[in-house]
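In what follows, a single structure is set out as structure tokens and then discussed.
Heavy-atom basis, side chains included; hydrogens, waters and symmetry copies ignored. These figures come from a predicted structure and were not determined experimentally.
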There are 2 protein chains.
Amino acid sequence: MPRRRITQTDVAAMAGVSQATVSFVLNGSTPAGVRISEETRQRVLDAIRITGYTANPAAQRLAGRLAQILGVFTYEATFPRASRDFYGPFLTGIEHAAERLGVDILLFTSAPVADGRRRLTRDGWQRLGVADGCLLLGQHEHRGELQHLLDTNYPFVFIGKRGSDGGRLPYVGADYVGGTVRQIDRLVAHGHQRIGYVGMRGTDQPTLDRVEGYRTAMKTHGLTTRFVELEDVAATAAEIVDQRFTAVVVAPENHPEELADELERRGRRVPDDVSVLLLGQPHHPRRGGRQWSGFSVPREEMGARALYLLSRLVSDDGPRRERDARRPAAVTDAELHQILVCPDVEGATVAPPPPGPGPRTATHDRTDHA
Amino acid sequence: MPRRRITQTDVAAMAGVSQATVSFVLNGSTPAGVRISEETRQRVLDAIRITGYTANPAAQRLAGRLAQILGVFTYEATFPRASRDFYGPFLTGIEHAAERLGVDILLFTSAPVADGRRRLTRDGWQRLGVADGCLLLGQHEHRGELQHLLDTNYPFVFIGKRGSDGGRLPYVGADYVGGTVRQIDRLVAHGHQRIGYVGMRGTDQPTLDRVEGYRTAMKTHGLTTRFVELEDVAATAAEIVDQRFTAVVVAPENHPEELADELERRGRRVPDDVSVLLLGQPHHPRRGGRQWSGFSVPREEMGARALYLLSRLVSDDGPRRERDARRPAAVTDAELHQILVCPDVEGATVAPPPPGPGPRTATHDRTDHA
DNA sequence: GGTTGCTAATAATGCGCATCATCAGATTGA
DNA sequence: TCAATCTGATGATGCGCATTATTAGCAACC
């Protein structure tokens with residue numbers, strides 16, 4: 001059984017018309033002044049119904065139409081246990097948007113893996129061509145790899161802000177800066193003064209943005225910035241106690257759960273003695289873990305928005321043969337670079353600072369605030 | 001910038017050879033006695049390197065090669081919050097397998113949705129053609145929809161056992177029967193006698209299999225089967241207490257968490273007074289929820305195995321033009337229908353029955369709702 | 001010197017579809 | 001009555017690639 005597909009030619013034969021006629025009926029529109037009588041149209045449609053004809057997408061794409069496929073490239077595996085919680089929400093949003101756009105999603109799982117990360121090498125992005133455009137998800141990328149996409153004018157959108165590259169690349173990011181600023185504001189409103197920033201330095205955009213937000217907000221309130229960037233959770237906790245911070249903001253990749261445990265082990269209750277705000281969702285939510293206060297990254301919406309944008313770019317760049325005059329408006333700069341608000345999360349890890357001179361000597365004056 | 005792709009013809013021009021030669025170099029193999037000298041080969045390869053040529057998958061596919069794309073069709077959205085925990089593991093396995101196979105995964109998110117379920121209608125499976133084959137995930141399907149796939153000899157594999165259809169359809173399922181039998185065995189080994197089955201009747205395969213397993217095992221041990229199939233959790237709990245069950249097996253979609261709470265509210269501790277075994281993973285794991293005993297469905301492995309099988313089917317059915325004689329062995333029947341073992345889970349919801357006559361004054365039991 | 005045998009490559013074809021250019025026949029205008 | 005217009009369709013072409021059939025060139029053999 002050679003699995004021969006039914007083609008337009010088959011349909012045409014049955015309807016007693018030419019292949020071209022079938023194509024015209026299917027595409028509705030008749031670019032050049034081609035007309036099809038209603039009767040013929042019906043005959044063709046009947047034949048289609050009977051034969052169960054189904055278009056060959058590869059042929060369509062080859063013939064210059066869009067494949068209605070949008071790709072998703074992640075620099076790490078998308079669904080391994082560890083990162084499922086991370087990528088999941090993005091995919092949720094992407095899938096939702098894809099449904100509404102009537103588009104299929106292609107996951108580039110075939111890309112060669114090096115050091116546990118997928119590479120967008122020659123053989124990698126080669127495959128991107130199947131899709132009309134592609135979403136890029138994940139941290140790092142080798143600069144050169146992108147160049148090719150740019151050179152060939154291949155439509156793509158980053159998920160996550162792109163500070164580098166002169167800001168010319170399309171992205172949908174999250175407002176880590178604003179979110180962080182608001183957390184500091186909250187703490188200050190509660191009366192906190194000694195507010196530390198816990199988190200390893202990094203060159204990734206979220207980290208840079210968090211630090212910037214922290215810096216900005218502290219400056220605004222005339223407070224001194226204090227960074228704790230130690231590898232060790234225990235050391236970090238010790239530092240927090242030592243520095244007599246009444247509050248810290250923590251990037252989620254810095255094991256906040258363990259940190260809080262460590263703090264309490266040292267007699268500092270969260271949030272009664274130390275408020276802890278999380279600058280993003282916990283990475284590995286623990287069963288029965290704390291209800292973190294802080295902000296959350298709107299990952300689902302980011303995914304959806306990114307796909308919508310990509311779709312815009314694709315149809316903008318569009319079918320090479322300029323077919324429809326009534327093309328949607330060109331993509332604006334504002335669309336090209338979207339930063340979404342990270343809404344505050346009201347959890348249970350923030351409280352006013354302990355009253356009095358503070359837990360300075362830690363042996364007495366453990367007065368619970370009323 | 002009209003985004004013109006670089007084609008084999010471009011490469012050929014640069015290398016001073018014909019397009020065909022480029023194709024031969026790329027494909028390595030030379031089906032008919034075509035030979036390419038090492039020198040020419042290098043020249044072509046250089047040209048490819050310089051131009052950054054990249055094959056157009058659509059054209060490849062049209063020309064009769066495999067697209068190296070395998071599809072995944074789910075009858076419900078794959079990643080919505082609610083079912084993410086369910087589909088996630090499958091996807092994990094699928095992705096892993098796809099990586100190893102060097103294949104991309106296409107999610108058919110464009111299928112028309114009716115009643116919240118995707119349909120594999122004419123316009124739905126029409127799109128399946130982009131992929132070389134397809135995985136089918138999720139419960140129900142309209143019989144007629146499949147017929148077309150069968151008619152066109154389109155390769156596909158179900159995830160989840162397929163009892164119907166004369167068992168001719170390829171699937172990778174889980175051994176719910178065996179898993180359930182073992183749970184009963186465990187309970188009996190602990191000394192339980194009054195073992196109830198909690199779960200709504202249904203015609204879906206997992207339910208049928210669980211019931212079959214329960215029936216079989218109970219019969220083996222000479223025990224009376226007792227079914228509790230009430231809509232209401234409270235009523236179910238009441239029934240369990242009323243019937244003086246010392247243990248129940250519960251299908252995960254029947255809100256085991258709530259049920260256990262309800263039991264304890266009625267003074268029956270789990271597992272001290274009543275053991276509860278879960279016939280599958282909890283559907284919506286609750287933060288800080290119970291550690292359920294029972295068995296687990298190897299969803300990741302199911303996904304991976306299904307994809308491997310699909311890959312086999314595809315390359316078996318293969319490129320229409322019989323190119324390689326050294327084709328792998330044909331797919332055997334054993335491969336076509338795989339049932340994976342559901343390993344036991346040692347949790348904290350099983351214990352020996354309460355000692356003494358206790359709550360079991362009954363010598364006259366008669367409860368079979370079957 | 002013509003036939004055979006071999007190497008190295010090319011020309012030609014088709015995959016299924018969209019689309020452009022063309023055309024047959026009917027209707028109208030003068 | 002013949003050109004001009006309109007209607008309804010068809011033929012031909014190309015997308016980029018794999019593949020088959022064919023050819024050109026050259027050495028070897030009797």
Report task. Starting from C1' on C:dC17, measure out to CD1 on A:Ile48 and report it in whole angstrom. Result -> 13 Å
Query raised in the report: Between C:dC15 atom P and A:Arg61 atom CZ, what is the distance in whole Å?
Result: 22 Å
Report task. For B:Leu26 and D:dT19, give me the distance from atom CG to atom C1', rounded to whole Å. Result -> 14 Å
**Report entry** Separation of C:dC15 P from A:Leu62 CG (nearest whole Å)
**Finding:** 13 Å
Requested in this report: Mind calculating the distance between CD1 (A:Ile6) and C1' (C:dC17) to the nearest angstrom?
Outcome: 16 Å
Requested in this report: Taking only the side-chain nitrogens and oxygens of A:Gln60, find out if one of them lies under 4.0 Å from OP1 or OP2 of C:dG16.
Outcome: no
Query raised in the report: In terms of side-chain heavy atoms of B:Ser23, which of D:dC17, D:dA18, C:dC17 is nearest?
Result: D:dA18
Report task. Could you tell me the separation between the OH atom of A:Tyr53 and the CD1 atom of A:Ile48, rounded to the nearest 0.5 Å? Result -> 7.5 Å
Query raised in the report: Could you state the interatomic distance from CD1 (A:Ile105) to CG (A:Leu91), rounded to the nearest 0.5 Å?
Result: 8.5 Å
Within the sub-3.5 Å range, which N or O atoms of nucleotides 6-10 of chain C have a protein N or O partner, and how far apart are they?
unit_1	atom_1	unit_2	atom_2	d
C:dA9	OP1	B:Ser37	OG	3.4
C:dA9	OP1	B:Thr40	OG1	2.3
C:dA9	OP2	B:Ser37	N	2.5
C:dA9	OP2	B:Ser37	OG	3.0
C:dA9	OP2	B:Thr40	OG1	3.2
C:dT10	OP1	B:Ser18	N	3.4
C:dT10	OP2	B:Ser18	N	3.1
C:dT10	OP2	B:Ser18	OG	2.9
C:dT10	OP2	B:Thr21	OG1	2.3

**Report entry** Ion pair B:Asp46/B:Arg43, N-O distance below 4.0 Å
**Finding:** no
Report task. Return no unless some side-chain N or O of A:Asn56 is found under 4.0 Å from OP1 or OP2 of C:dC17. Result -> no
Requested in this report: Start with the C-alpha distance between A:Leu45 and A:Val25, add both sets of side-chain angles, then the distance that settles side-chain contact (heavy atoms from CB on, under 4.5 Å), and finish with yes or no.
Outcome: CA-CA 8 Å; A:Leu45 289 178; A:Val25 169; 3.9 Å; yes
**Report entry** Atom pair CE (A:Met302) and CG (A:Leu309), whose distance is rounded to the nearest 0.5 Å
**Finding:** 12.5 Å
**Report entry** Under the salt bridge (Lys or Arg N to Asp or Glu O under 4.0 Å) test, residues paired with B:Arg100 that sit two or more places apart
**Finding:** none
